[in-house]
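Notes follow the structure.
Quantities reported herein were computed from a predicted structural model and do not represent experimental measurements.
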Amino acid sequence: MMAMVRLLYFASLREAAGCDGETVDSAAADLAALYAEAAARHALHWPRERLRVAVDGAFAHWDDTPREGSEVAFIPPVSGG
């Protein structure tokens, strides 16, 4: 099943993707597959295990299913003190 979702990229992911977000139509079964699609499309170097994912403003699990119209944020670790 396809779902139209809005992807948001933060910090180094935004720099690597060359944009802060995009709308995609995806058949990804879960958020991990959705990230894999984005990583392949933009040559993102962060392994998923080092990122957090949020859906509609709340942290989510990588095995959650993308929902039509959702906003999915991929969040790299924050550096600094």
Hey, are the side chains of Val5 and Val24 touching, using non-hydrogen atoms and a 4.5 Å cut-off? yes

Could you tell me if the side chain of Val55 sits less than 4.5 Å from the side chain of Asp64, heavy atoms only? no

Set of salt bridge (Lys or Arg N to Asp or Glu O under 4.0 Å) partners for Glu22, sequence neighbours left out: Arg41

So which atom in Val53 and which in His61 form the shortest heavy-atom distance, rounded to 0.1 Å? CG1-C, 4.3 Å

Ala28 and Leu34: which non-hydrogen atoms are nearest, and at how many Å? CB-N, 3.5 Å

Value rounded to 0.5 Å, distance of NE2 in His45 from CZ in Arg50: 8.5 Å

Kindly compute the distance separating CG (Asp30) from CH2 (Trp62), expressed to the nearest 0.5 Å. 9.5 Å

Should Leu7 and Trp46 be regarded as members of a common hydrophobic cluster, given that ILVMFWY residues are connected when their side-chain heavy atoms come within less than 4.5 Å of each other, either directly or indirectly? yes

Say whether, by atom type as modelled, one donor and one acceptor occur between the side chain of Asp56 and the main chain of Glu71 under 3.5 angstrom. yes

Shortest non-hydrogen pair, Tyr9 vs Cys19, comes out as CD1-O, 3.8 Å

Between atom CD of Glu68 and atom CG of Asp25, what is the distance when rounded to the nearest 0.5 Å? 7.0 Å

Correct closest heavy-atom pair for Pro76 and Leu51 would be CA-CD2, 3.5 Å

Nearest heavy-atom neighbours spanning Leu13 and Leu44: O-CD2, 4.0 Å

Joint hydrophobic cluster, Leu8 plus Ile75, side-chain heavy atoms closer than 4.5 Å: yes

Can you name the closest pair of heavy atoms from Met2 and Ala27 and give their distance? SD-CB, 3.4 Å

